[in-house]
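Structure first, then comments.
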Amino acid sequence: MAKYNDDLKQLDLPHIDQLMLKFWEENDIFNKSVNQRPVDNSFVFYEGPPSANGMPGIHHVMGRTVKDIFCRFQTMKGKRVERKGGWDTHGLPIELSVEKELGITKEDIGKKISVDDYNHKCRETVMRYKDLWDDITRKMGYWVDLDNPYITFNNEYIESVWWLLAQLYNKGLLYKGYTIQPYSPAAGTGLSSHELNQPGCYRDVTDTTVVAQFLTKPDTLPDFLHGYGDIFILAWTTTPWTLPSNTALTVGPKIDYVLVKTYNQYTFKPINVIIGKALVEKQLAGKFMQVETEDQLNAYQQSDKKIPYLVVKEFKGQDLIGIRYEQLLNYALPYDHPENAFRVIGGSFVTTEDGTGIVHTAPTFGADDAKAAREAVPEVPAMLVLDEHDNPVPLVDLQGRFRKELTEIGGKYVKNEYYNEGEAPEKSVDVEIAIKLKEENRAFKVEKYVHNYPHCWRTDKPVLYYPLDSWFIRSTAMKDKMIELNKTINWKPAHTGEKRFGNWLENLNDWNLSRSRYWGIPLPIWRTEDASEEQCIESIADLQVEVAKANEQLGLNQTVPADLHRPYIDEVILVSQSGKPMKRELDLIDVWFDSGSMPYAQWHYPMENRDFIDKGTTFPADFIAEGVDQTRGWFFTLHAIASMVFGSVAYKNVVSNGLVLDKNGVKMSKRLGNVIDPFKTLEDYGADATRWYMISNAQPWDNLKFDLDGIDEVRRKFFGTLFNTYSFFALYANIDKFSYSEAVIPLEKRQEIDRWIISLLNSLIKEVDNDLANYEPTDATRKIMSFVDEHLSNWYVRLCRRRFWKGEYSEDKIAAYQTLYECLTTISKLMSPFAPMFADWLYKNLNEATGKEVHISVHLSDFPIADRNHIDLALEQRMDYAQRISSLVLSIRKKEGIRVRQPLTKILLPVLDPDFIHQVDSVRDLILSEVNVKDIEYITDTDGFIRKKAKANFKTLGRILGKHMKTGAQMIQEMDQASISQLEKTNAFSIEIEGESFNLTTEDVEISFDEIPGWQVATDREVTVALDVTLTEDLIAEGLARELVNRIQNIRKNSDFNVTDRIIVDIEKNNIILPAIEKFGDYIRQEVLANQININDNDGELTEITEEVSVKIAISKA
RNA sequence: AGUCCUGUAGCUCAGCUGGUUAGAGCGCUACACUGAUAAUGUAGAGGUCCGCAGUUCAAAUCUGCGCAGGACUACCA
């Protein structure tokens, strides 16, 4: 017969990994596991594409473990779970690494290196670490189809993306518009936030700053500001060149402001100014001096050293909203709704940290400004004027120069840094504007100020925040739909979806799609030069038609390029309806759009596989999982595209997992040298222990403090225990040749303990199934661990050991084998999603010996189904009693210093509830053998023998007693024995508090045992145990007999006897132990498999039996 | 700066809708067990449940304000 594999003498997880990986590959288990499930019963999973441009880290092992668990689980539940791998291949990191490698900068592209060569280099680089990725994927046991991955740079992929963009375009959701972006005039390009975050970009610079006085229009002032004459609002700026573009002032609605009477320090004219209350002292410092009366104020002379000021009024920002003011520098007016400009509006971003608490707002040059202006009702227009072609433009051109509208400063650069060396004027425009304002009594204060300002990493010159032309997706138009759809998604954890993602959707901005780069998906929009006509291409076929049309009408000879990337695609010229040539908009699209398109583009939808999406076979996903950092990344782009193009969610369940930190909770970084090498970890500890540790230690969405010692603990505690249990089983099953060939012994014919562990096992199946269905992997692992360790190993196996090694191959023995076998195979299935290798090793070892199931791998088997009929909660409860009673008895023994091998006569169990006796009686024998006591006696008549005590049940009483709770609890605590008896008998007791009477029932009072005079007592919640510790001669002899058995067994073991060898024992004569041999000789012989015991002198080992007695014992084979 | 998360024993974590001795594992200390043995059991020590205030008869749990750590987003007149 087939034997249970016992090759491994001790647990070696990395070795098991190797065995299983080889087995899986040779037998194509992954594909089989997918293909054996029906096509029409799919569980859709999307793989978020990693970039193979970087090395895989330990956090990838974490993320992929989460994915793998649920995919494997659903597979075992009968679902077909296709797992198409994918690679993210575009984007800035790839460009940067190529540039670094070639030693070039962006400026060199098209000069030192052609765009063509550059893109080729990107294409090569992007898969640099693919082998390492494939390797880690395999070694960690992550099942994903790496043979047919989607790759975002493939033409098919790009074509699908184009189609999606065209859908958006056709719905009017794609538009070209302005947004305020960091812009480098010297380089003539916008900068991404990534580029701004390069080291050294933010630098301290000294700028001329102005606190300007904006003159309010009296008829728009609120009543409380009437009667003071001219009132100015003070606003501070570090960029005076933006003042001509001012169209609003922003206040914080909740901020306190004051009206201050004082004098202008440059013109000495009396003025009234509005300023943030918290900033009065800061702005009116130095030359200024606070006074208390009008007289003191009026007494001011120009020659005085200090300028007095008087605070006359206080109010909230809210009260200022709506005030209109005269334009500060009237070079130009906004072309659009100029009547809505020059007002006070509210904004939440206003602080009183510095400045005046009122923000000069120039929507053309500040993102916050633009936002506040847009949100105001009515909208505040930006300072845009119409150029020669009637296009709206800001007052500063793309080179960073003022437009001609600004007369005397027109044509000048807004920053002196933008001039070529030696050409900068003495006075910057900032200074010129400051002087002008001073002269016009519009400057409250002008001073130099040092602040941190971003610089372009290519030109070293300051960045301008500038409205740039970009292509946008009008996601705001679909905001409500996205919010509504989001509510149907099951987020793990929920708050990531409700709060983090929900808030993000609430505050959604239009999606800036444009990137001025080279390596990415080109925007498929062609335009005429005057932008009057344009076309969005939705497929290669579409492009072919248009190219042919253009060739014909424009007399060209173009073909559709074989590669849809730049620069080839840029050379294609199309023709407009009116016959004009159209060129492609040079932008690439945001790489995030690439990855958000994967549900469709991975199948080259809709050019192929239309049904996959249209019939819902692969859309939406049932499940996706990535790091929380993808909330606004992949999770969003998937959601946005699905919502906008298909009106659907892209995924129904999403797990966002946390970060993997080092063991001290510090982020892993190369610099700190605390990075964990995933390859080495897997090699040292094996994939299963690593995976199990990661999942069981913390919920996936909590950050994981990764500690290698934790993996080792999991290995010892869980895998070690399970391995030992299996080894134990295999050892005896091989001896007895148990191969599950006998008929299944019905549960009712098995022992109580068998039914108990089977009951627990079925409860466990139910729980684990439930947890996995609800994306709660951590709970599931913890429950499996607790079952294996606490119940299976430390109770079932421990108590049943004798059944396996003792006696004939009886029905009871077979029942034990069947029971343990069932537990082990079931555990192998339950754990297989988490620990696929060990689980399969275990399953195969068991199944190959019995041939019970047809599957050659656990991963081809079905997930166990809990059998309700096998769950017996009463049984589970009484076994719990048994465990607790045993534990209490052992603790009394310990306290009394009585060894477990010393038998005792009886346990006393006080009983409150007749059912308790019944329950304990069924597990009586287990308890007695476990604690080596001969009998259990129940005490029901407690009066006078056992004292009871009463304690309030706060939960029920709280409602009845309310504020009298404290007094009531005290009174119940003090109930005497008679009162307790009365309550028990009549189920009624009344107490009186402050004249009020309350009727209590037994439900309101918890009664427990206090003490049994003269006995050793231990209590665990409602269970109380007393132990009779009297020793008789017989008991002592029996105890010694057991000591002898133990010593002889040790000698057997040390002498390397086989478990089945019969022996002869020689024991030196000793009067103390003689009674033990006389009275319990049979017992001893039976236990140690001795044919005879001789009392004689022998040259055996001197062996200590008790502290007082040592005798020589020799054994030999019979 | 905003949004969100986390804060319980030396360490890693449980603690459901508020209920009175706040738990587990590891580690530590002591003892025991020994045909699962590079295992195992029992016991012990170890906690201002981040702080403060509030709601309540009752707060680790609910509310507010802070503090510390982290993530994301935005970058500031």
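Chain naming here is simple, since letters A, B, ... match the order of the sequence lines and numbering starts at 1 in each.
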Separation of A/E776 atom CD from B/A14 atom P, in whole Å? 11 Å
Base B/A14 paired with A/R782 side chain (donor-acceptor, <3.5 Å): no
Could one point to a donor on the side chain of A/S793 or the base of B/A36 with an acceptor on the other under 3.5 Å away? yes
Tell me which nucleotide, if any, is Watson-Crick or G-U wobble paired with B/A1 when both distances must be under 3.5 Å. B/U73
May I ask you to say what A/H964 touches in the nucleic acid, namely base, sugar-phosphate or nothing, with a heavy-atom cut-off under 4.0 Å? nothing
Using Watson-Crick geometry (N1-N3 plus N6-O4 or O6-N4) or G-U wobble (N1-O2, O6-N3), each under 3.5 Å, B/G51 is paired with B/C65
Which part of the nucleic acid, if any, lies within reach of A/E930 when heavy atoms closer than 4.0 Å are counted: base, sugar-phosphate only, or nothing? nothing
Base, sugar-phosphate alone, or nothing: which one does A/N703 contact when heavy atoms must sit under 4.0 Å apart? sugar-phosphate
Checking only heavy atoms, does the side chain of A/R801 share a donor-acceptor pair with the base of B/A36 at less than 3.5 Å? yes
Within a strict 4.5 Å, meaning less than it, do heavy atoms of the A/Y726 and A/L8 side chains meet? no
Any chance you could lay out the side chain to side chain contact (heavy atoms under 4.5 Å, CB included) test for A/W491 and A/E498, step after step, and finish with the verdict? CA-CA 8 Å; A/W491 282 84; A/E498 281 163 27; over 6 Å; no
Applying a 4.0 Å non-hydrogen cut-off, can you work out what A/T631 is touching in the nucleic acid: base, sugar-phosphate, or nothing? nothing
At 4.0 Å (heavy atoms only), tell me whether A/S727 reaches a base, stays on the sugar-phosphate, or touches nothing. nothing
Please test A/R893 against A/N932 for side chain to side chain donor-acceptor pair (under 3.5 Å), starting from the C-alpha separation and ending with a verdict. CA-CA 11 Å; A/R893 276 183 174 276; A/N932 196 16; 5.3 Å; no
Does A/K499 make a side-chain N or O approach to OP1 or OP2 of B/U3 shorter than 4.0 Å? no
Look at all strands and tell whether A/L659 reaches a base, only sugar-phosphate, or nothing, counting heavy atoms closer than 4.0 Å. sugar-phosphate
Between atom CG in A/N932 and atom C1' in B/G41, what is the gap in whole Å? 15 Å
Does A/K966 put a side-chain nitrogen or oxygen below 4.0 Å from OP1 or OP2 of B/U20? no
